Structures are given as C-alpha cells and as structure tokens.
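Some notes on the structure that comes next.
For clarity, every value in this text was computed on a predicted model and none was experimentally measured. In this chain, numbering begins with 1 at the start of the sequence shown.
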Amino acid sequence: MPSSIARPAALAVAGLIIILPLSAVSCSAAQKALDCGTTAARVTGDIADVTSAYNNASNDSAAAGKALQKLKNDLDQVGRNSKSTDVTKAVNDLRTQVDKVQQAVDKKEVPDLKPLGDAAGNLTSVCTG
C-alpha cells in the first residue's frame with residue numbers, strides 16, 4: 001500500500017516537466033509554472049521520504065515524523081507564497097492528508113498513504129492546468 005503513491009507522484013512530476021515549457025505564454029504564467037514545478041518536486045521528495053520510512057521492515061515512525069514535518073514546512077511556504085486560490089485549495093487539501101498521516105503515525109499505526117499521493121497529484125494538476 002505505501003509504495004502505491006511513488007509511481008503516481010513520479011508520473012505527476014514527469015508530466016509537469018513536459019508541460020512547463022508549454023506554459024511559457026507570458027512571464028506570469030511561466031513564473032507560476034516554475035514555482036509550481038519547484039513545489040511539486042519538493043513535495044514529491046517529501047512524500048517519497050514518508051513512503052520510504054514505511055517501506056522498510058521496521059516502519060520507522062521517527063523518520064516518517066521528520067519527513068512529515070519537512071512536508072508541512074514546505075506546504076506552509078507554498079501556502080504563503082501562492083497568489084492562486086486553486087493552488088491554495090490544493091495545498092490545504094494536501095495539508096489535511098498530511099495531518100491524517102501524522103495522526104496515524106502518532107497512534108503507531110501504518111497510515112494509508114494513497115490519499116496523500118492523490119492530494120499531491122491534485123496539486124500538480126492545479127499547477128499545470
């Protein structure tokens with residue numbers, strides 16, 4: 001189950017890299033695409049770190065906690081810097097999923113990471129749309 005988000009997240013980033021040059025219609029559109037691309041790559045890396053913490057035999061909740069905190073910090077930064085209501089909504093949705101994963105980690109449960117990956121994919125879609 002945890003490894004199920006790695007492929008969609010990687011595909012989302014790959015799609016974003018392909019679309020970025022096409023979005024350079026204006027400076028603001030190009031800047032939004034670049035900012036979103038950077039964000040998507042950062043968030044994908046953070047989510048991969050969370051997934052990695054649960055793919056090993058020991059289910060390393062300390063490593064997952066650190067990765068979740070890094071993801072929260074990155075989302076806070078994106079939320080502060082975004083001028084797009086769609087991006088802000090997608091960030092808030094992703095933050096909700098991060099909180100759910102954090103609750104599971106706090107309870108020493110293995111979290112369902114699929115909704116987290118889906119929310120990250122939605123953020124990527126908003127950035128490329």
Is any side-chain heavy atom of Leu94 closer than 4.5 Å to a side-chain heavy atom of Asn122?
-> no
Contacts of type side chain to side chain donor-acceptor pair (under 3.5 Å), residue Gln97, not counting sequence neighbours | none
The salt bridge (Lys or Arg N to Asp or Glu O under 4.0 Å) partners of Lys89 (sequence neighbours excluded) come to Asp93
Determine whether the side chains of Asn73 and Gln69 contain a donor N or O and an acceptor N or O closer than 3.5 Å.
-> yes
Pairing residues for Arg95 by the salt bridge (Lys or Arg N to Asp or Glu O under 4.0 Å) criterion, not counting sequence neighbours | Asp76
Between CG on residue Leu75 and CZ on residue Arg42, distance to nearest 0.5 Å | 9.5 Å
Enter the distance from Ser125:OG to Asp118:CG here, rounded to the nearest 0.5 Å.
-> 10.5 Å
Which pairs, with at least one residue in residues 61-74 and sequence neighbours excluded, count as a salt bridge (Lys or Arg N to Asp or Glu O under 4.0 Å)?
-> Asp46-Lys70, Lys70-Asp74
All side-chain contact (heavy atoms from CB on, under 4.5 Å) counterparts of Thr88, not counting sequence neighbours = Ser82, Asn92
Asp49: partners by side-chain contact (heavy atoms from CB on, under 4.5 Å), with sequence neighbours left out | Ala67
Using side chain to side chain contact (heavy atoms under 4.5 Å, CB included) as the criterion, point out the one residue from Val50, Val101, Leu116 that pairs with Pro111.
-> Val101
Using modelled atom types only, decide if a donor and an acceptor are shared between the side chain of Thr51 and the backbone of Ile47 within a distance under 3.5 Å.
-> yes
